[in-house]
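First up is the structure itself, then whatever we jot down about it.
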Amino acid sequence: MAEIFYTYKHQVYANITNKCNCRCTFCIRGQEEGIGDAQTLWHQKDPSLDEILTAMNTFDFTGYKELVYCGYGEPTCALENLLASAAYARETYGLSIRVNTNGLGNLYHKKNIVPLLAGTVDAVSISLNAPDAERYKAVSRPFRPDAFQGLLDFATACRGNIPSVKLSIVDVLPPDEIKDCQALADSLGIELRIRHFSS
């Protein structure tokens with residue numbers, strides 16, 4: 001059975017779905033069965049809310065202040081379970097909530113989900129991956145051709161509604177693309193986080 005909660009580099013993560021609306025060329029799930037202390041993050045079927053809450057109630061959150069929704073799928077693809085379990089984690093365990101997302105939740109659900117997230121989520125980290133639509137499409141291989149603009153619109157909607165909003169890229173990008181990503185993030189008034197790529 002796949003892990004729903006796992007730890008990696010002193011953080012605790014929630015792996016609530018394997019659904020994803022991108023097929024990123026660098027995605028770790030194409031290389032490993034699991035991450036951190038999780039033997040496998042591949043669900044035979046996505047867990048129900050009851051299964052998520054049961055796993056949460058048996059997990060030892062001692063020493064952890066934040067729960068990060070990030071696993072082998074895009075957490076906003078399981079939006080109802082994300083919102084319900086995150087609200088429960090805040091109320092029951094006093095955890096702050098971060099969602100690591102590809103930023104395509106509005107396009108996927110065909111509505112603005114930011115107001116729903118804003119009531120529960122303390123931070124979002126949005127995978128930018130590239131500085132323009134053409135390069136984004138090549139590396140992220142999203143489910144819609146307008147995904148890059150959708151990501152930027154989502155990030156802008158989050159800004160001012162969710163306390164902490166960051167765009168992220170991995171440091172394997174060429175220096176000129178990193179510079180262009182920084183310029184794009186600056187133009188949006190959103191912090192850019194450059195993550196170290198670990199294979």
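The figures that follow rest on heavy atoms only: side chains count, while hydrogens, waters and symmetry mates do not.
Two residues are said to be in side-chain contact when any heavy atoms from C-beta on lie closer than 4.5 Å; Gln39 and Glu33 fail this criterion. Considering only heavy atoms from C-beta on, Thr76 comes within 4.5 Å of Ile113 through its side chain. His109 is not listed as a side-chain neighbour of Cys77, based on a closest heavy-atom distance of 4.5 Å or more. Looking at heavy atoms from C-beta onward, Arg135 lies in side-chain contact with Asp180 at the 4.5 angstrom threshold. Trp42 has its side chain within reach of Arg29: a pair of non-hydrogen atoms, C-beta onward, lies under 4.5 Å apart. Using a 4.5 Å heavy-atom cutoff, the side chains of Ile52 and Phe5 are in contact.
With sequence neighbours excluded, no residue forms a salt bridge (Lys or Arg N to Asp or Glu O under 4.0 Å) with Asp46. Judged as a salt bridge (Lys or Arg N to Asp or Glu O under 4.0 Å), and not counting sequence neighbours, the contacts of Arg144 are Asp146. In terms of the side-chain hydrogen bond (donor to acceptor under 3.5 Å, both in side chains) criterion, Thr156 has no residue partners (sequence neighbours excluded). A search for side-chain hydrogen bond (donor to acceptor under 3.5 Å, both in side chains) contacts involving Asn57 returns Tyr88, Tyr93, not counting sequence neighbours.
Remark: Leu128 CG to Glu177 CD distance equals 10.0 Å, nearest 0.5 Å.
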Given side chain to side chain contact (heavy atoms under 4.5 Å, CB included), test Ser168 with Leu192 step by step and report yes or no.
-> CA-CA 6 Å; Ser168 72; Leu192 180 70; 5.8 Å; no

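Sequence neighbours left out, the pairs with a member in residues 116-173 that pass ring pair (Phe, Tyr, Trp, His ring centres under 6.0 Å) are Tyr136-Phe148.
Lys179 has no carboxylate O lying under 4.0 Å from a charged side-chain N of Asp176, or vice versa, which leaves the two without a salt bridge.
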Exercise answer: donor-acceptor pairs, residues 182-191 side-chain atoms, under 3.5 Å, sequence neighbours excluded:
unit_1: Gln182; atom_1: NE2; unit_2: Asp186; atom_2: OD1; d: 3.0
unit_1: Ser187; atom_1: OG; unit_2: Leu184; atom_2: O; d: 2.6

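Aromatic rings of Phe61 and Phe59 (six-membered ring for Trp) have centroids within the 6.0 Å cut-off, being under it.
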